[in-house]
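This report concerns only the one structure given below.
Being a predicted model, the structure only gives us computed values, none of them experimental.
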Amino acid sequence: MMRTFRGGLLIGLAVAVLVAVLAIVYEFYDTRTLKRTVRRGEVLCGVNKGLPGFSIPDDKGNWTGFDVDFCRAVAAAIFNDPSKAKFVPLDASERFKELQSRKVDILSRNSTWSMARELDYDLYFPAVAYYDGAGFMLPRSRNKETALDLTGSKVCVQTGTTTALNVADYFRANNMKYEEVKFDKLDDVVKGYDTGKCDTLSADVSQLYALRLNLSKPGDHMILPDMISKEPLAPVVRQRDDDWMMIVKWTLYAMINAEELGVSSENIDEALKSKKPEVMRLVGTEGNYGEQLGLTKDWVVRIIRNVGNYGEMYERNIGEKSKLKIPRGMNQLWNAGGVQYAPPMR
């Protein structure tokens with residue numbers, strides 16, 4: 001009898017240990033980010049450690065920027081509360097690995113969408129938030145007009161980015177010589193350029209506008225008009241997590257469609273009374289698109305009321321209402337001369 005009891009006890013302990021192990025494995029490998037996010041009560045968002053206009057904290061730890069606002073839009077769609085977005089600053093070298101290891105739910109950090117990044121890191125870029133391209137910044141005193149005038153330059157770049165590859169391709173394609181000066185951290189890249197360790201700095205053009213603000217004499221430096229690469233900047237999520245990917249993708253598309261339809265944070269209450277079919281589908285008075293995403297019927301209303309449409313997000317952070325004043329250019333809507341385009345909600 002005692003032997004039977006002991007045998008049963010051992011079996012029970014073994015089952016308990018197995019259940020505990022399976023629970024840990026499930027929590028680590030479970031791809032249902034939306035359920036974990038709701039259970040946690042906040043969206044963990046990986047952002048740049050400090051890039052004016054895109055993601056930067058003030059001295060009290062309050063984050064602002066284009067990428068920051070996008071994360072707040074996702075939080076607004078889920079919780080109706082943009083403050084439920086929590087920001088985790090990440091270096092370029094660690095951003096994808098930290099997303100893989102589930103330190104963050106989404107990466108909204110001026111990251112270029114490329115085939116290798118999707119395949120090598122098992123990640124997915126749902127949609128392009130900002131169309132950009134690599135470019136060059138240099139002292140005005142160098143009197144250069146185009147990138148073709150940069151032969152013999154010493155070019156500062158950051159490791160772990162697509163910039164170094166773009167610069168190498170450009171100079172090789174044009175039979176130009178240059179000296180590459182690499183730094184691991186972005187702050188060191190800027191410092192190296194500002195202190196004369198190189199005479200040219202290369203990065204995405206949007207980033208150059210931001211970095212110029214941090215120089216000792218911003219007005220002494222110019223950004224050339226050339227774009228030498230395609231840099232589609234997009235939020236990033238893990239693969240095989242379709243429910244979460246759809247929410248991230250359609251949050252961006254909802255903001256773009258809202259701008260196209262003229263729906264903004266200033267007139268969202270009027271939009272709720274609209275009888276136009278496209279507006280009704282957007283704000284949830286017709287159709288069940290929110291429920292299909294696992295959200296509420298008014299999920300887009302939550303986004304627009306709390307964060308605004310795409311144009312509002314752009315202008316206050318990096319456009320004419322900001323210190324950067326980056327022209328919309330390619331990021332203008334498709335019907336206003338740009339390439340920013342969202343599939344219809346229907």
Side-chain angles (χ1 to χ4, degrees), residues 27-34 36-37 40 42-51 53-57 63 65-75 85-134 157-169 182-189 202-207 210-211 229-249 251-252:
E27 179 64 23
F28 186 78
Y29 288 103
D30 175 27
T31 57
R32 290 180 290 184
T33 302
L34 176 59
R36 286 201 311 276
T37 299
R40 187 195 307 125
E42 59 186 16
V43 179
L44 301 180
C45 187
V47 293
N48 194 301
K49 288 190 171 183
L51 184 63
F54 288 87
S55 60
I56 189 167
W63 288 84
F66 181 90
D67 294 335
V68 166
D69 274 354
F70 179 71
C71 285
R72 290 196 173 117
V74 174
K86 302 300 180 184
F87 303 103
V88 181
L90 299 173
D91 280 329
S93 60
E94 64 182 352
R95 52 185 162 170
F96 299 122
K97 292 180 180 178
E98 294 290 24
L99 178 60
Q100 281 181 313
S101 66
R102 302 180 186 279
K103 182 174 181 178
V104 296
D105 302 314
I106 176 176
L107 190 64
S108 185
R109 189 201 174 285
N110 60 299
S111 298
T112 298
W113 182 354
S114 72
M115 182 177 182
R117 284 176 170 173
E118 284 197 324
L119 298 178
D120 293 347
Y121 294 100
D122 212 21
L123 301 174
Y124 190 77
F125 294 70
V128 178
Y130 187 93
Y131 290 93
D132 208 350
V157 295
Q158 183 183 12
T159 56
T161 67
T162 56
T163 301
L165 298 175
N166 293 327
V167 171
D169 285 349
K182 280 188 176 182
F183 297 91
D184 290 333
K185 297 185 179 298
L186 184 59
D187 288 344
D188 294 333
V189 176
S202 184
D204 294 348
V205 170
S206 63
Q207 195 172 28
L211 297 178
S229 70
K230 294 186 294 184
E231 303 296 328
L233 306 183
V236 196
V237 296
R238 291 177 289 274
Q239 289 186 14
R240 291 176 293 281
D241 199 351
D242 292 349
D243 291 347
W244 184 245
M245 179 271 292
M246 292 291 283
I247 289 174
V248 173
K249 175 166 65 175
T251 292
L252 177 60

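Evaluation of the salt bridge (charged side-chain N to carboxylate O under 4.0 Å, His left out) rule for Lys86 yields no partner, not counting sequence neighbours. Asp132 is linked by a salt bridge (charged side-chain N to carboxylate O under 4.0 Å, His left out) to nothing, counting only residues two or more places apart in sequence or in another chain. Residues satisfying the salt bridge (charged side-chain N to carboxylate O under 4.0 Å, His left out) test with Arg72, not counting sequence neighbours, are Asp69. Remark: Phe96 pairs with Tyr121 by the ring-ring contact (aromatic ring centres under 6.0 Å, His included) rule, at least two apart or across chains. For Asp169, the salt bridge (charged side-chain N to carboxylate O under 4.0 Å, His left out) partners two or more places apart in sequence, or in a different chain, are Arg172.
Here the shortest heavy-atom pairing between Phe70 and Val248 reads CZ-O, 3.5 Å. Heavy atoms only, all atoms of each residue included: Arg40 and Val43 are closest at NH1-CA, 4.5 Å. Nearest heavy atoms, Val205 versus Ala134: CG2-C, 4.2 Å. Taking each heavy atom of Gly46 and Leu90 in turn, the nearest pair found is CA-CD1, 3.9 Å. Taking both residues in full, the closest heavy atoms of Asn166 and Ser229 are given as ND2-OG, 3.3 Å, listed atom of the first, atom of the second, then distance. Closest approach of Ala127 and Leu252 over heavy atoms only: CB-CD2, 3.7 Å.
Checking side-chain atoms of Ser111 against main-chain N and O of Arg109 turns up a donor-acceptor pair under 3.5 Å. Looking at Arg95, its side chain never comes within 3.5 Å of a backbone N or O of Leu107 through a donor-acceptor pair. In this structure, the side chain of Thr112 does not engage the main chain of Glu231 through any donor-acceptor pair within 3.5 Å. Looking at Thr33, its side chain never comes within 3.5 Å of a backbone N or O of Asp105 through a donor-acceptor pair. A donor-acceptor contact shorter than 3.5 Å links the side chain of Ser108 to the backbone of Asp67.
Contacts classified as salt bridge (charged side-chain N to carboxylate O under 4.0 Å, His left out) and involving residues 114-129 (residues at least two apart or in different chains) are given here: Asp122-Arg240.
Inter-residue side-chain proximity for Val88 and Lys103 is flagged as met; some heavy-atom pair is nearer than 4.5 Å. Looking at heavy atoms from C-beta onward, Trp63 lies in side-chain contact with Pro89 at the 4.5 angstrom threshold. Contact of the Leu211 side chain with the Val189 side chain is not registered, since no non-hydrogen atoms from C-beta on lie closer than 4.5 Å. With contacts defined as side-chain heavy-atom distances shorter than 4.5 Å, the pair Phe54/Asn48 does not qualify. Counting heavy atoms from C-beta outward, Ser206 and Leu233 have side chains that approach closer than 4.5 Å. Contact check for Leu123 versus Gln100: side-chain heavy atoms found under the 4.5 Å cut-off.
If you run side chain to side chain contact (heavy atoms under 4.5 Å, CB included) between Asn110 and each of Thr161, Val47, Leu51, only Leu51 comes through.
To the nearest 0.5 angstrom, Leu186 atom CG is 11.5 Å from Ser93 atom OG. In this structure, OH in Tyr124 is found 5.5 Å from CH2 in Trp113, a value given to the nearest 0.5 Å. Taking SG of Cys71 as the start and CD1 of Ile106 as the end, the distance is 5.0 Å to the nearest 0.5 Å. One distance of note links CD of Gln158 with CG of Asp184; it measures 8.0 Å at 0.5 Å rounding. Once rounded to the nearest 0.5 Å, the distance linking CD1 of Ile247 with CG of Leu34 reads 4.0 Å. Arg36 contributes atom CZ, which lies 7.0 Å from atom CG of Asp241 (distance to the nearest 0.5 angstrom).
Dense packing is recorded around NZ of Lys49, with more than 12 heavy atoms of other residues, nucleotides or ligands lying under 6.0 Å away.
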